[in-house]
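To start, the structure under review is shown below, and the notes come after it.
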Amino acid sequence: MTPGCLYPVFSSSLFYISLPVNFLPLFHDLNGRPCLLVGGGSIACRKARLLISAGATIHLVSPYLCDEMLRIIAESSVTLEKRAFQPSDLEGMALVIAATDQPMVNQQVAELASKQQKPVNVVDQPELCTVIMPAIIDRSPIMVAVSSGGTAPVLARNIRTRLEGLLPQGLGRLAELSARFRQQVKMRFKHLSERRRFWEAVYDGEITESVLSGNTHTAEQLIRKKLQNPDKKDSGEVYLVGAGPGDPDLLTFKALRLMQKADIVLYDNLVSHEIVELCRRDAEFIYVGKKSCCHAVPQERINSMMIEFARDGKRVVRLKGGDPFIFGRGGEELEVLAAHDVPFQVVPGITAASGCASYAGIPLTHRDYAHSVRFITGHGKAGSTKMPWTELKDTQQTLVFYMGIKNLEKICQNLMAEGCSPERPVAIIHRGTTERQKTVTGTLATISRIAQKVQIEPPSLIVIGDVVRLHKNLDWYRPAEAYDLPLVQ
Ligand code: SAH
């Protein structure tokens, strides 16, 4: 909360309420106003911090003060009466909070305050409160307050946690930008309905997106342009979004937010069905993936589609498996967009190496086994002698091969030819992080025979190094369908 921000309270006109009561949500301006806080323990500290962040002047009354409260007093301008509560403490107070561990004291404070019609809150005793403290989501100056009317505070906090993820951190900046332009918008549009239409277009379009992605300067330029020419359509944009390795829970908040804004979704075959489903329902979905059985859309066509759609004012989500900048051709696609002046954003995703290794219980580095990790393409050149095989020999280095299943045998042979021990452990993780994850382990000498026998298919990741030994103990992910394939000797 920024100091001076309106402080959310829920207010009841009844005293000694019989639950449940429907509280009226109000936001209380406490900036510079005196508030009485009775109590000097850890709960009182929590309340003190909230009051301070709302800009209130705290009058603290308590014969006892915990260490944290002493710190708060030292850091802020709290006035302290180090003694027991007395009725005259209530004089002139805008809000009263009783936070002692003495039920009798709390009750006395509440009764006296209520008689004087002063808003009073007693911690954890809703029956003594005329105002209660909600769970707060703070995007100052935007505040969201959640209350269960004192019936289920843990549930209210649980709801708060869920909402936290939905509300971008930049919302406060958006409100501040709105405040800066409010007057100009009022001057420009005389009618309320015109103003409303203007702001709705701002909150739904590229200006908001620029603010949320941290580009406040661009947003200001755009809003000025929009004030001059309000009917001009927003220009489109491409969001290059990393969808992670498969588990939808591994998406970032930002990825999800942009996916839910999409007009067009271009997605690859590595992106799971559940993740595609999370995009805005009425978006247009275009599959551009590469699967051996399906005809792939050529890269040039994907590029030209992105350019055409964005120029037509559309928000295009280019969804890619894992991270778009790791073996994802993300860089190449962006170079084309940049050359055509199409605005874009990149959202990183969890790459297959991180996702698969975590879900298979194989740390990619470990102080005892590996001091570095290397991501390598196992496609094309991997089978040939053009790879820097000698650099891959280091036993303290974990090697992760993407797209390497078809070249598995050659990769192992080349490493052994370079002097790597045939006993060097290898894991193959198929469809990591999904319900269908399968892990198979072996050594450089045995893994290709094992993989052949159990018919491991793409998409699979090859992890080579001593860290693979940890899989036996750290393998924690066991959904119904995920399993370790039997070891074939
Ligand atoms: N950009 C992606 C990688 C694309 S290359 C990323 O950052 O993860 C495609 C290769 O990634 C596949 O051949 C496979 O080796 C690996 N891969 C991607 N998702 C995978 C998964 N869920 N399980 C195993 N391997 C995966």
Side-chain angles (χ1 to χ4, degrees), residues 239-252 255 266-276 287-294 296 299 302 317-334 346-362 364 373-383 387 398-412 426-441 447-448 451 454-464 468 471 475 477 479 481-485:
Y239 308 133
L240 181 61
V241 176
D247 181 351
D249 279 356
L250 294 178
L251 279 173
T252 60
L266 302 173
Y267 64 102
D268 282 349
N269 94 69
L270 269 180
V271 180
S272 69
H273 177 67
E274 296 96 305
I275 289 179
V276 175
Y287 174 76
V288 294
K290 305 162 198 83
K291 238 196 276 186
S292 43
C293 59
C294 303
Q299 189 62 49
I302 298 175
V317 165
R318 174 76 176 102
L319 253 191
K320 283 180 173 282
D323 183 279
F325 278 4
I326 296 183
F327 304 127
R329 295 202 187 176
E332 295 159 48
E333 291 183 6
L334 294 189
V346 189
V347 182
I350 292 187
T351 189
S354 299
C356 295
S358 297
Y359 278 50
I362 302 174
L364 292 175
V373 54
R374 192 155 173 157
F375 299 168
I376 309 155
T377 169
H379 189 61
K381 273 202 314 190
M387 289 279 285
T398 305
L399 305 179
V400 182
F401 282 90
Y402 287 66
M403 302 171 280
I405 275 299
K406 296 240 154 68
N407 280 327
L408 177 64
E409 193 172 350
K410 286 186 194 151
I411 291 169
C412 294
V426 183
I428 299 176
I429 304 144
H430 173 70
R431 290 201 179 279
T433 81
T434 73
E435 298 264 296
R436 289 152 71 194
Q437 172 171 317
K438 295 180 183 75
T439 307
V440 56
T441 51
I447 195 72
S448 45
V454 292
Q455 296 182 336
I456 283 269
E457 306 236 313
S460 298
L461 200 76
I462 306 166
V463 182
I464 303 177
V468 170
H471 165 73
D475 182 27
Y477 178 62
E481 289 185 56
Y483 57 90
D484 268 20
L485 289 164

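Counting starts at 1 for both ligands and their atoms, in listed order.
Of the possible polar contacts, one joining the Y477 side chain to the T434 backbone as a donor-acceptor pair under 3.5 Å is found. In terms of modelled atom types and a separation under 3.5 Å, the side chain of T351 and the main chain of S354 share no donor-acceptor contact.
With sequence neighbours excluded, the residues that form a side chain to side chain donor-acceptor pair (under 3.5 Å) with Y359 are D247.
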Note to self: For I376 and M387: C-alpha separation, side-chain torsions, deciding distance, then whether side-chain contact (heavy atoms from CB on, under 4.5 Å) applies.
What the structure shows: CA-CA 10 Å; I376 309 155; M387 289 279 285; 3.2 Å; yes
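Near ligand 1, residues P245, L270, G321, G322, D323, I326, F327, T351, A352, C356, Y402, M403, I429, R431, G432, P459, S460, L461 each place a heavy atom inside the 4.0 Å sphere around the ligand atoms.
Heavy-atom minimum distance, I275 versus G246: CD1-O, 3.5 Å.
When each of I462, T377, I326 is checked for a side-chain contact (heavy atoms from CB on, under 4.5 Å) with Y402, only I326 meets the rule.
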